[in-house]
Amino acid sequence: MTSNMATADSGIDWRKLLAENAIIPALLVFIVLAGIATGGRFLSPSNLTIILFQSSVLGVLVLGQTLVMLVAGIDLSIAAVAILAAVIMGAGGSERQIMMNFSGILPYLGFLPAILIAIAGAALAGLINGLVVVKLRIPAFIATLAMSLALSGLAMLATGGSPVHYPDPFYESFGQTKFLGLPMPIYMFLALSLGLGLYLSRSKLSVQLYATGGNPRAAALSGIPVSRITILAYTASGLLGGIAGFLFLARTGSVAPHSGGNLLLETIAAVVIGGVSLAGGKGNVLNAFAGTLLLVGLSNLMNILLISPHLQDAVSGIIIVVAIMANTRLQDAPAGQ
Amino acid sequence: MSAGTDTRTGMRPATPTSALSGRGRWRVWLGHNDAFVILVGFALLASVISPAFLTPHNLGNLLTQSALLGLLAIAQFLVVVSGGFDLSVAAVMAFSSLVFAHFIGLGFVPAALLAILAGGTCGLFSGLVITKGRVQPLIATLAMMGIARGLALSVSEKSILVNDPTVAALRGFSLGILSTPTLVWFFVLTIAVAWLALTRQALHLYAIGGNEVTARLAGVAVNRIKLGVYVASGLLSGLTGVVMVMRSSSGVPLGGMGWELDTIASIVIGGVNLFGGEGRLMRAMAGVLIYQMIANVMNLSGLDPFYQDIVRAGVIVAAVGLSIFRNRKAGRRVIQGRSA
């Protein structure tokens, strides 16, 4: 296990490449197996569309989580941010819904103002997370879990605990509108992933982001504004959470203050299955994207095979653990330095 | 660590306190017992505001209400002192309560044993993933939280009512102001305090939490102790599930949502170092009581439960922030002391 691979003349270290992108072949193998297990039903165009459609909310949250994990943080509030944003957009943007909330504190805001306030609020929540983590030096998981608790409380307060069943009809029609056979949320999800992926692969800011996560002291010594980058990552994560809230409403046409339960765990599962390192500085959007598809595809497969949704949560928990253990092994084996 | 006290008992300061001035000694004492002082202050304040507070009945209630959180906090204490976290304690408790409710037909004792065993299995799984799989405790136990909650919900989505004479008897039983949950809590607490004070493993536990590498080099069986800690945490969470059924007469799949954070916050209020290696169990329990009293005051004042969540979030951040601030200050003081 010496570092002889690095000296190989070919220029490309295949083993390292495989170790860092193991999720891609894993996803392909899974797709083939799932196709066989369901007699081809899994691979039908309509089912693949469903998988992409179901991935849209999770996928956008995964982008935010990836950014935060790249700077060696974790955002456990991201699902609560999305749900609160969806509640504000859905209830605050619909006069009919506000009439139904007898005990909620959220007033009618108007359609567009509700969207703006929800998105701005989501970014603000992320900013506060970043400030608490960086300035008060509170561990990220405590700060963001507390933020999650507070935001869930706010979401309950907003509607008095009742679900939002009558958001503005725009959301449902946006979710149903198809372009080239695919619903709009899929395009938003793909565009955001592609945009962030490209941005992270070439911008100067992204270099600073990876450096901050990889070794914050070295980054600070080489003049990178580590604090600002970290706060920025959390803020972006909040913002993406808000956008995910919009997609949530578009996808389901309703939202309940407590509907974010499994979303958080799935976010982390997708990111770590996608090989983003919890220690920071390692990982990319493409792999996280593949991790999302694998996770959603798996739950889709379990649905086809009629496995109960609660058991599915348990299964995803096990998968997270197995994926991380496999990742640790893979990363350790070839590195050896 | 801080001011060189024995982290386990706080009874044998390495730097003799007699060397300090009167004020300095007072300060050190306060630094080590702040949770108790706050607790007494809180109780006095509460009894001034409401004369009903210091009645035996109300104190008994407070203890009963604290018992579940207190039991889980003992589990969390052991894990945090070893340098880890266990975010699955509350979900495992809920799962165990359902196992107990599901198997109550076999009789009280077999059902309770199965429930505790189910908790222990969860702990064993987390522990193996952490020690053998080298996964961070945070993620491993977060995954276990999802697994246990999912298992609980797949046993039953709704609470299961338990109709068992033993459970009913234990529910009605009390020794003075001490209800069954309180008695179980105190019993486990006694064992844990004795274990922490007397055994070599406990010393190793603190050593691992303080510096795992050093502990390993010094010949401590790090992985075995860590595994044991997560199993103990699982078993305790399982026991707490059984106690929860004794309190509410039902297995509750959604019981204890968010309690994993409450346990961490309350032991941190009780002076436990969030990053391991330091903490006293009795002081951590004072933290539990303080945390529970804050909740009580909010309840009594009729604050909307959703606002209570927001206040709780603030208390958690403040408690953790203060503890980190205190650690930093303590660290500086030690370094200054060394250079002087």
Side-chain angles (χ1 to χ4, degrees), chain A residues 74 76-77 103-105 128 132 135-143 145-161 257-258 261-262 264-266 268-269 272 278-279 307-329 332, chain B residues 85 87-88 91 95 125-126 128-130 132-136 138-157 253-254 257-258 260-262 264-265 268 274-275 304-325 328:
Chain A
I74 193 166
L76 300 181
S77 71
S103 52
I105 57 165
I128 295 174
V132 170
K135 301 286 177 200
L136 301 182
R137 292 200 228 168
I138 291 184
F141 85 95
I142 298 269
L145 211 48
M147 176 59 82
S148 168
L149 195 64
L151 294 183
S152 302
L154 268 181
M156 291 295 226
L157 276 176
T159 67
H258 52 76
N262 310 323
L264 172 65
L265 202 64
E266 285 171 8
I268 293 175
V272 288
L278 291 156
I307 296 173
S308 104
H310 298 307
L311 215 55
Q312 292 184 19
D313 288 348
V315 173
S316 357
I318 293 174
I319 288 169
I320 303 182
V321 165
V322 172
I324 303 179
M325 290 196 298
N327 243 327
T328 320
R329 288 279 139 81
D332 279 6
Chain B
F85 293 103
L87 294 183
S88 71
F95 173 49
F125 182 81
S126 299
L128 284 175
V129 167
I130 290 163
K132 302 279 175 207
R134 286 179 293 147
V135 173
Q136 279 127 318
L138 189 68
I139 297 297
T141 58
L142 193 68
M144 180 41 79
M145 178 172 115
I147 295 171
R149 196 64 83 179
L151 286 176
L153 281 165
S154 52
V155 173
S156 162
E157 285 191 27
L254 290 176
M257 288 291 251
E260 48 284 325
L261 254 199
D262 294 345
I264 293 179
V268 166
L274 192 56
F275 304 105
D304 191 314
F306 307 139
Y307 279 116
Q308 294 187 18
D309 278 349
I310 297 168
V311 174
R312 248 169 39 165
V315 171
I316 291 167
V317 169
V320 174
L322 270 178
S323 112
I324 288 170
F325 177 72
R328 268 211 299 263

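What you see below is based on every heavy atom in this structure, not just the backbone, and it leaves out hydrogens, waters and symmetry mates. Convention: sequence-line order gives letters A, B, ...; per-chain numbering from 1.
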Query raised in the report: Do V268(B) and I142(A) come close enough that some side-chain heavy atom pair is under 4.5 Å?
Result: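 Sidechains of I142(A) and V268(B): no contact.
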
Query raised in the report: Closest approach of M325(A) and V135(B), non-hydrogen atoms and distance?
Result: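 Scanning both residues, the minimum pair turns out to be CG-CG2, 3.5 Å.
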
Query raised in the report: Looking at V321(A) and A143(B), what are the two nearest heavy atoms and their distance?
Result: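 Closest pair (atom of V321(A), atom of A143(B), distance): CG2-CB, 3.5 Å.
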
Requested in this report: Tell me, out of S308(A), A143(A), A150(A), who's got the most heavy-atom pairs with chain B below 4.5 Å.
Outcome: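 Among the listed options, the one with the most contacts to chain B is A150(A).
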
Query - I138(A) portion near chain B, given a 4.5 angstrom heavy-atom threshold - result: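 I138(A) touches chain B through backbone and side-chain heavy atoms alike.
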
Report task. Give, as side chain, backbone, both or neither, the part of I74(A) having an atom under 4.5 angstrom from any heavy atom of chain B. Result ->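 For I74(A), the contact with chain B is made by the side chain alone.
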
Query - Distance (rounded to the nearest 0.5 Å) between L261(B) CG and L76(A) CG - result: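 Reported value, rounded in 0.5 Å steps: 8.5 Å.
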
Query raised in the report: Say you draw a straight line from CG of L142(B) to CZ of F141(A); how long is it, rounded to the nearest 0.5 Å?
Result: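 One gets 10.0 Å once the value is rounded to the nearest 0.5 Å.
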
Query raised in the report: In terms of heavy-atom pairs under 4.5 Å with chain A, which of E157(B), M144(B), M257(B) leads?
Result: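 When all of E157(B), M144(B), M257(B) are compared, E157(B) has the most.
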
Query raised in the report: Under a 4.5 Å heavy-atom cut-off, does chain A meet the side chain of L138(B), its backbone, both or neither?
Result: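 Only the side chain of L138(B) comes within 4.5 Å of chain A.
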
Report task. Select one option (side chain, backbone, both, neither) describing which atoms of E260(B) are under 4.5 Å from chain A's heavy atoms. Result ->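 For E260(B), there is no contact with chain A at all, as no heavy atom is under 4.5 Å.
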
Requested in this report: Could you go through the side chain to side chain contact (heavy atoms under 4.5 Å, CB included) check for L311(A) and L151(B) one step at a time?
Outcome: CA-CA 6 Å; L311(A) 215 55; L151(B) 286 176; 4.2 Å; yes

Could you give the side-chain donor-acceptor pairs of residues 307-321 of chain B under 3.5 Å, partners two or more places apart or in another chain?
residue : atom : partner : partner atom : Å
Q308(B) : NE2  : N299(B) : OD1          : 3.3
Q308(B) : NE2  : L303(B) : O            : 3.0
R312(B) : NH1  : D262(B) : OD2          : 3.4

